[in-house]
Amino acid sequence: MEDPPADSGGGAASEGPALQVADICWPTGAVPLRLLEWKVKPGSLVNVDSVLALCAPIPPEKGSEAARLPEKKVKADRAGVVKELCCQLGQVIPPGGVIVRIEECSHPIVMKGLCAECGQDLTQLQGTNGNQQTPISTATVSMVHSVPELMVSSEQAEQLGREDQQRLHRNKKLVLMVDLDQTLIHTTEQHCQRMSNKGIFHFQLGRGEPMLHTRLRPHCKEFLEKIAKLYELHVFTFGSRLYAHTIAGTDQMKHSYLLFIYCFISLF
């Protein structure tokens, strides 16, 4: 039979989910335990159901059947970093006794609902929390336009922003934002049969969607070759994210210095 995870008591915490410290306690309705062996140490990263310690149950009366019970594994009910071991080897842990203190993971990097730091499935936590108002994760900023499911915390975003700024300073470049449609390319649903297909990219964004026809505007390649030496180029569009990345992945774009351009999708 699976041993129940230890209870988490209230602990000192800062506002929000970052740096919350929780007391991991032995359930109040369980029999006392004697601590036999630690499976973690201060600084250890633990996940939900990670084994914290091995303990021996103490029977309520001598000669009781409980004396023959197997060792119990004390498990964590949350992810984080062990801050303090609150018991000594051989010590009796009473019901409700504090076993360890854990600094909970703030889940600063999340990909498709999974924390990149501790591996916790945050969708399951959201379901168990119900209508709890405290946010589960600090990851609220989308940093990669091609991967909208990847979210990072504001602290991580600020750090990445500083690193980008330092990189631009080292390269002695500024960022140049260039509109995609009607500036670098022209896209239309209308296709003239008398028009040459040379340099035209034909594509659909999905089944049942209209066929689109795109080609570079005159002198676009020469413009990009010259301006890329002076600026780090970014493009934006009022079109959909799928449209932008489809255009950026075409051979015409890759052969025209657009391979190094980031796609920014306007939210307006």
Side-chain angles (χ1 to χ4, degrees), residues 1-139 153:
M1 185 174 66
E2 286 290 330
D3 296 328
D7 290 337
S8 296
S14 58
E15 293 184 1
L19 302 180
Q20 284 188 337
V21 178
D23 292 340
I24 305 300
C25 306
W26 187 237
T28 56
V31 299
L33 300 176
R34 187 178 302 279
L35 180 60
L36 300 178
E37 179 184 355
W38 284 114
K39 291 298 184 179
V40 294
K41 60 183 179 180
S44 296
L45 177 65
V46 297
N47 295 319
V48 176
D49 288 335
S50 291
V51 177
L52 303 175
L54 291 180
C55 298
I58 298 177
E61 298 178 3
K62 292 184 178 180
S64 170
E65 291 295 325
R68 293 193 293 271
L69 289 177
E71 296 177 350
K72 284 189 174 294
K73 298 177 180 179
V74 177
K75 299 180 180 179
D77 67 344
R78 61 192 58 213
V81 176
V82 176
K83 301 301 291 184
E84 181 182 357
L85 305 179
C86 301
C87 301
Q88 300 293 329
L89 293 178
Q91 180 178 339
V92 174
I93 304 173
V98 179
I99 304 170
V100 298
R101 288 191 172 94
I102 290 181
E103 185 179 277
E104 296 183 66
C105 180
S106 63
H107 312 303
I109 304 176
V110 176
M111 179 65 178
K112 294 185 177 180
L114 294 178
C115 176
E117 293 289 319
C118 68
Q120 177 67 48
D121 186 347
L122 303 187
T123 58
Q124 294 181 354
L125 289 182
Q126 187 69 58
T128 57
N129 280 5
N131 296 325
Q132 182 176 332
Q133 296 300 314
T134 303
I136 292 175
S137 171
T138 57
S153 67

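Counting heavy atoms from C-beta outward, Leu52 and Val46 have side chains that approach closer than 4.5 Å. Under the 4.5 Å side-chain criterion, counting only non-hydrogen atoms from C-beta, Leu33 is in contact with Lys72. Between Lys73 and Leu54, some side-chain heavy-atom pair lies under the 4.5 Å cut-off.
Distance CE/Met111 to CD1/Ile109: 12.0 Å, rounded to 0.5 Å. With rounding to the nearest 0.5 Å, the separation of CG in Leu85 from CD1 in Ile24 is 12.0 Å.
Here the shortest heavy-atom pairing between Val74 and Trp26 reads CG2-CZ3, 4.1 Å. Taking each heavy atom of Val81 and Leu45 in turn, the nearest pair found is CG2-CD1, 4.2 Å. Summarising the geometry of Ile93 relative to Cys87, their closest heavy-atom pair is CG1-SG, 3.9 Å, with the distance given to 0.1 Å.
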Side-chain donor-acceptor contacts of residues 35-44 below 3.5 Å, not counting sequence neighbours, with atom names and distances?
unit_1: Glu37; atom_1: OE2; unit_2: Lys39; atom_2: NZ; d: 3.2
unit_1: Ser44; atom_1: OG; unit_2: Lys41; atom_2: N; d: 3.0
unit_1: Ser44; atom_1: OG; unit_2: Lys41; atom_2: O; d: 2.8

N/O donor-acceptor pairs under 3.5 Å from side chains in residues 94-101, not counting sequence neighbours:
unit_1: Arg101; atom_1: NE; unit_2: Asp23; atom_2: OD1; d: 2.7
unit_1: Arg101; atom_1: NH1; unit_2: Glu84; atom_2: OE1; d: 3.1

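Residue pairs satisfying the salt bridge (Lys or Arg N to Asp or Glu O under 4.0 Å) criterion with at least one member in residues 86-95, sequence neighbours excluded, are absent.
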